[in-house]
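Side chains are part of it too, since the values below use all heavy atoms of this structure and drop only hydrogens, waters and symmetry mates. For the single chain, residues carry numbers from 1 onward in sequence order. Here the structure is a predicted model, which is why all the values come from computation and not from measurement. Whatever order the structure lists them in is the order used to number ligands and atoms, beginning at 1.
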Amino acid sequence: MFSDYLKGQDPRQLLEKRMRAEGRLPPGQSASIKWPVLHVGDEPVFDAATWDFKAGGLVEAPLTLGWAQMTALPRVEVTSDFHCVTRWSTFDNRWEGVPIREILSRAKPTPEATHVMAVGHLRDRRYGYSTNLPLADLDRDDVLLAMRRNGEDISNEHGGPLRLVVPHLYAWKSCKWIRALIFMEADKAGYWEQHGYHMRGDPFREERFRKGSR
Ligand SMILES: Nc1nc2c(c(=O)[nH]1)N[C@H]1C(S)=C(S)[C@@H](COP(=O)(O)O)O[C@H]1N2
Ligand SMILES: [Mo]
């Protein structure tokens, strides 16, 4: 009999209401309190001895970092929101990791580089996850190679020990188990983009699908 008084008071609905009022809920999204797991294919088994991260393509100084080198780079903490194109958003995620600019300043993309392919774990011997983005969308101070979220190491299922976080684009751009950044002179479709998802993916403009794909 108290349920009428409690209506709309559940924490998820309250969060959604607050985020909508603050202009932080993109159109067509719902607030989530949980952190869903979403990916295609299997999860890699991390091995610090063989793991490496490469920055290549159109760069002045091609880079290969082992796990010890990656974890020795400076880190920052950034609090940001996360919007999956399947319509859930999480808010105020406290990410900790290596600012992408630590990588950009070492690899030095050439003036011809306009786009980047982020490459994740190889699902099998032939196909890896990949996602493309304009260099300008990577080169921001809220973009991280993240190792921790809300004070905990990122678990394997969430892309740990190292994942890309690009908070201002749909979360499919935030490549889990990231292993490489390839700098390119033109845009090229990654995994979901080849399946019809948008080349950029701004959640506030609802850039879910590529023109003509739906
Ligand atoms: N390597 C890899 N990264 C990926 C994906 C994937 O399938 N493989 N899925 C993307 C999608 S669609 C989303 S919504 C987020 C989900 O991250 P989470 O599982 O940690 O919530 O990872 C993105 N990064
Ligand atoms: Mo997603």
- So with a 6.0 Å cut-off around CD of E185, is the heavy-atom count from everything else above 12? no

- Query: R106 and side-chain contact (heavy atoms from CB on, under 4.5 Å): which partner among V59, L65, L73?
  - Reply: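 Of all the options given, the one that passes is L73.
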
- Parallel under 30°, tilted from 30 to 60°, perpendicular over 60°: which one fits the rings of Y191 and Y129?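 Tilted, since the angle between the ring planes falls between 30° and 60°.
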
- Query: Going by the angle between their ring planes, with limits at 30° and 60°, are W95 and F82 parallel, tilted or perpendicular?
  - Reply: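 W95 and F82: tilted rings.
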
One pair per line, please: each N/O atom of ligand 1 matched with every protein N/O atom under 3.5 Å away, atom names first, then the distance to 0.1 Å.
| residue | atom | partner | partner atom | Å |
| --- | --- | --- | --- | --- |
| ligand 1 | 1 (N) | K176 | O | 3.0 |
| ligand 1 | 3 (N) | K176 | N | 2.8 |
| ligand 1 | 7 (O) | V40 | N | 2.8 |
| ligand 1 | 9 (N) | L38 | O | 3.4 |
| ligand 1 | 17 (O) | R163 | NH1 | 3.4 |
| ligand 1 | 17 (O) | R163 | NH2 | 3.2 |
| ligand 1 | 19 (O) | L38 | N | 2.8 |
| ligand 1 | 19 (O) | K176 | NZ | 2.5 |
| ligand 1 | 20 (O) | H158 | ND1 | 2.7 |
| ligand 1 | 20 (O) | R163 | NH1 | 2.6 |
| ligand 1 | 21 (O) | W35 | NE1 | 3.1 |
| ligand 1 | 21 (O) | P36 | O | 2.7 |
| ligand 1 | 22 (O) | R163 | NH2 | 3.4 |
| ligand 1 | 24 (N) | S174 | O | 3.0 |

- Task: Quick one: closest heavy-atom pair of I100 and L138, and the distance?
- Result: CG2-O, 3.0 Å

- Validation row, ring centre Y170 to ring centre H198 under 6.0 Å: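 Judged by ring-centre distance (under 6.0 Å), Y170 and H198 do not meet the cut-off.
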
